[in-house]
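Below: the structure, in structure tokens.
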Amino acid sequence: MATTDQDISIGRPAEPRPSRGLGWAARPLHHRFAIAGSLVTLVGMAVIGTLVGSSIETGVVRNSAISSAVYMESFIAPLSQELVDEESLSPETIARMNALLEQAPLSERVVSVKIWRPGGLLAFSSDPDLIGMTFPPSEELARAWRGELNASYDELEGAESLRERQSGMPLLEVYNPIHSIVTGEIIAVAEFYLNATELEADLRLAHARAWVVVALVTLATFLALFGIVRSGSRTIADQTRRLKSQLDELARISAQNQALRTRVQGASQRVSETNERYMRRLSAELHDGPAQALALASLRLTSLMRRAGVTPGDPEAQNLRDCLEEALRDVRDLCSGLTLPELDGKSVTETLDLATNTHERRTGVTVERAFRHAPVIPGSVPHPFLICIYRFVQEGLMNAFRHAPGAPVRVDAQAETAQIVIAVQDDGPGFDPGKRSASGLGLAGLRERIESIGGVFRIDSREGQGTRLVMTLPIEEAH
């Protein structure tokens, strides 16, 4: 996998990224808080101000109604005691009631008075035309008959309040039960309308003060929270900028490392191919050189022994002949081990078959081929990968032959996500991977060979449970 110098962008500035629109998520945290918080604060202030104003108005109206009711009852209750036995007031009592209401200070505060009997009958009214008439009882009137003092501010309803509505001034309507001074029973209900001009001014002032206090408290709370959020937002923004700078630097270094790793793996693959060509050449030199010389020496020794009259059974001569044949056999075995078969154009399955067949031919051991029933394995991979696969199977099978003689052996291969997994497993006695890999050269060299091309080498072995050598090669890098 060739890599040019342009793949490594050391010191190259990052390309500008397209700016995003100033959407809600892109705004600073304190801006979002200012917008959302102001809306929530305004709504909350309106709700709290309304509730506080309503509570103030209710309290002021009730207090005014109580004080006015006590004041009015002192005038009206004595004149209304004849209603204990009568359904209506006598003309003399009505005249006295009107005279009383026309005198100061009642005439300055009281706009009109009505005295109700059960069933909505008007026993007295400042409007003489209404006396003796019957109207549907209102809810306030019903509550007064139950003994409750109640009042309402500028809420005039019903046909009996037509005159009061036409007065054009704010009125405080009070319903006050009138009790018998003898039995204490409710004998009538007095409804009187008070001039609420001063009350209206007081209520407006109270409302204004309440709204000012609520607004100031809400504003102070909002500004305090905004200051905290703004400080936190600045800290987050500063940390985000530094983190982004670090991530950009990390991405740049990661890209450099990846490019360097690709170049190192490419160099390792080329070194592997060079080494295999060198070993092939060394094997040919050994075969054509020392091996031929040893074979010639063996023939000359036989001719020399014949001329010297040495019998074939002479122990010294036989020992010399055996040494020459053993040396010749070792040189040929060495040549055979150094030489790889032609792997160009072969698939992974064909390479596995070739390595397995070679081992079976040399050792006479039958190897189970589990890879033939495995999922589809990539048909072609680069030549350095094929060399690594062949050497892995060769070394794994030879280790099983040496350390687990007679034990079943199998070769397995399968294609997983973005990788090829190849395993050589035997059912022998097993061993301690730490001791064996540390002391032997075969497994350590095999690990270096596999990792140099981006693969992973793993040994799974326990004493008495067999050994499994696993090699994982990346398919993406293979292609």
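Keep in mind that the numbers below use all heavy atoms, side chains included, and drop hydrogens, waters and symmetry copies.
Using a distance-only test at 3.5 Å, with no hydrogens or angles considered, a donor-acceptor pair links the side chain of S38 to the main chain of A34. Between the side chain of Q81 and the backbone N or O of H179 there is at least one donor-acceptor pair closer than 3.5 Å. For S452 (side chain) and R449 (main-chain N/O), a donor-acceptor pair under 3.5 Å exists by modelled atom type. Counting only distance, with no hydrogens or angles, the side chain of T50 and the backbone of A46 share a donor-acceptor pair below 3.5 Å. At least one donor-acceptor pair under 3.5 Å links the side chain of S461 to the backbone N or O of G466.
The six-membered or imidazole ring of F33 lies near that of F222, with a centre-to-centre distance under 6.0 Å.
W116 has its side chain within reach of L122: a pair of non-hydrogen atoms, C-beta onward, lies under 4.5 Å apart. The side-chain heavy atoms of L141 and E191, taken from C-beta on, include no pair separated by under 4.5 Å. Proximity of L194 to V111: side-chain heavy atoms (C-beta onward) are nowhere separated by under 4.5 Å. A heavy-atom distance below 4.5 Å is not found between the side chains of E350 and D353. Residues F226 and T221 are not in side-chain contact: their nearest non-hydrogen atoms beyond the backbone lie 4.5 Å or more apart. Within the 4.5 Å cutoff, no side-chain heavy atoms of L469 are placed close to those of E395. For the pair C388/M471, a side-chain contact is recorded, criterion being any heavy-atom separation below 4.5 Å from C-beta on. For the pair F124/T93, no side-chain contact is recorded, criterion being any heavy-atom separation below 4.5 Å from C-beta on.
Rounding to the nearest 0.5 angstrom, the gap separating the CZ atom in R234 from the CD atom in Q239 is 14.5 Å. Atom OG of residue S254 and atom CG of residue L247 lie 11.5 Å apart, to the nearest 0.5 angstrom. Between the CD1 atom in I253 and the CD atom in Q258 there is a gap of 14.5 Å [rounded to 0.5 Å]. Summarising the geometry, atom CZ belonging to R391 is positioned 13.0 Å from atom CG belonging to L386; distances are rounded to the nearest 0.5 Å. Taking CZ from R458 and OG1 from T472, the interatomic distance works out to 6.0 Å, rounded to the nearest 0.5 Å. Atom CG of residue D127 and atom OG of residue S112 lie 8.5 Å apart, to the nearest 0.5 angstrom.
Of all the heavy atoms in A77 and I178, the pair that sits closest is CA-CG2, 4.1 Å. In terms of heavy-atom proximity, V113 sits nearest to S126 at N-OG, 2.8 Å. Closest heavy-atom contact between V189 and A144: CG1-CB, 3.6 Å. Closest approach of N195 to L171, counting heavy atoms only: CA-CD2, 4.4 Å. When all heavy atoms of I450 and V456 are compared, the pair lying nearest together is CG2-N, 3.7 Å. Taking every heavy atom of both residues into account, T356 and L397 meet most closely at CA-CD1, 4.1 Å.
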task = Show the numbers, then the answer: is there a side chain to side chain contact (heavy atoms under 4.5 Å, CB included) between M97 and S80?
result = CA-CA 9 Å; M97 188 81 71; S80 305; 4.2 Å; yes
ask   = Given the rule in the side chain to side chain contact (heavy atoms under 4.5 Å, CB included) test, do I115 and L83 qualify, once you have shown the distances and angles that lead to the verdict?
value = CA-CA 10 Å; I115 298 178; L83 294 177; 3.9 Å; yes
key: I181 and V84: CA distance, side-chain angles, deciding distance, side chain to side chain contact (heavy atoms under 4.5 Å, CB included) verdict   = CA-CA 10 Å; I181 59 177; V84 173; over 6 Å; no
request  = Kindly indicate, with the supporting measurements, whether the criterion side chain to side chain contact (heavy atoms under 4.5 Å, CB included) is fulfilled by R32 and V229.
outcome  = CA-CA 10 Å; R32 286 182 280 170; V229 173; over 6 Å; no
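Between D248 and K244, at least one side-chain nitrogen of the basic residue sits less than 4.0 Å from a carboxylate oxygen of the acidic one, meeting the salt-bridge criterion. In summary, R410 and D412 do not engage in a salt bridge, as defined by a charged side-chain N under 4.0 Å from a carboxylate O. The pair R146-E139 meets the salt-bridge criterion, with a side-chain N (NZ, NE, NH1 or NH2) lying under 4.0 Å from an Asp/Glu carboxylate O. Ion pairing of R143 with E140 is absent here, as no side-chain N (NZ or NE/NH1/NH2) approaches a carboxylate O to less than 4.0 Å.
Of the residues L352, I387, V411, V424, the one that meets the side chain to side chain contact (heavy atoms under 4.5 Å, CB included) test with F392 is V424.
Residues satisfying the side-chain hydrogen bond (donor to acceptor under 3.5 Å, both in side chains) criterion with R230, sequence neighbours excluded, are absent altogether.
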